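The figures here come from the full heavy-atom set of this structure, side chains too, leaving out hydrogens, waters and symmetry mates. Remember, it's 1-based here, ligands and their atoms both numbered in the order they're listed. As the structure is a computational prediction, the values presented were derived from the model and not from experiment.
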Amino acid sequence: MFVDSHCHLDFEQFDRDREEVLARVEKDLHWAVVVGVDLEHFPRITKLIENNKKLYCSVGIHPNHEVTHEASAEKLVQLAQHPRCVAMGETGMDFFRDHVSQDLQTARFRTHLQAANKAHKPVIVHMRQADEPTLQILAEENVQACGGVMHCFSSTVDVARRALDMGMYISFSGNITFKNSVELREVVKFAPQDRFMIETDSPFLAPVPKRGKRNEPSYVQYVAQCVAETRQMTLEDVGAISTKNAATLFKVTQ
Ligand SMILES: [Zn+2]
Ligand SMILES: [Zn+2]
């Protein structure tokens, strides 16, 4: 059994068959984190998790999400008081797309980190084509105090080492299974035993052999399989260790 440390089960891609997807979560997973991308839909997430004991959530605004109102640190802290909210985010920097200016992304990221430190919750960090500014802000805002995870890690061993040095966890998603992700699998080998976790980021980025299809939390088993092969561990050990790591960071005791 596994933990999916990052999914978007509230998204409309699951509207058609959410009950069936949730039945597979019940069967295949210890638990999963439904990650927020804006505040507008946060009530939709809390409604979903309140009806399912295996689901936890996070609260935040995605770096590239256009919103009419930015969130204050106070507001984020307040929303994070939900008893099953385990993290702040997803937040970070994403220069791959430019729906949101880099200045605004920077300000938003800092607000989330300050809120995370106030609320004593770890941060879920989204970093895409913005390694240097992301690492810099993490250091400046003292991420070491609240802790966090680099979700869907897609960078180099060097960047992973620098994040690990700040106490961060590294979460691997479906892209580690892609044929040309040779460099990324070096990071999978490199990550310390007590600092890696696994995720789907579903509905996006389905792992091989489901690549191209809609992703879902139970497919985290394929990510685990790739981690097991790459690190030469058993699938059971990958499940147990990544679950323990996620439980430690998110302070989940089930
Ligand atoms: Zn993300
Ligand atoms: Zn996400």
Exercise. Should the ring pair F172 and F196 be called parallel, tilted or perpendicular, given that the plane angle runs from 0 to 90° and is split at 30 and 60?
Worked result: tilted
Exercise. Relative to the ring of H151, is the ring of H6 parallel (under 30°), tilted (30 to 60°) or perpendicular (over 60°)?
Worked result: parallel
Provide the atom name of the closest N, O or S atom of [X] relative to the Zn ion (ligand 1).
X	result
H151	NE2
H126	ND1
E90	OE1

Flag for [Y]-[X]: side-chain donor and acceptor within less than 3.5 Å:
X	Y	result
H62	D38	no
Q136	E140	yes
H8	E90	yes

Seminar exercise, completed: Of all N, O or S atoms in D201, the one closest to the Zn ion (ligand 2) is OD1
Exercise. In H8, what N, O or S atom is nearest to the Zn ion (ligand 2), if we give its atom name?
Worked result: NE2
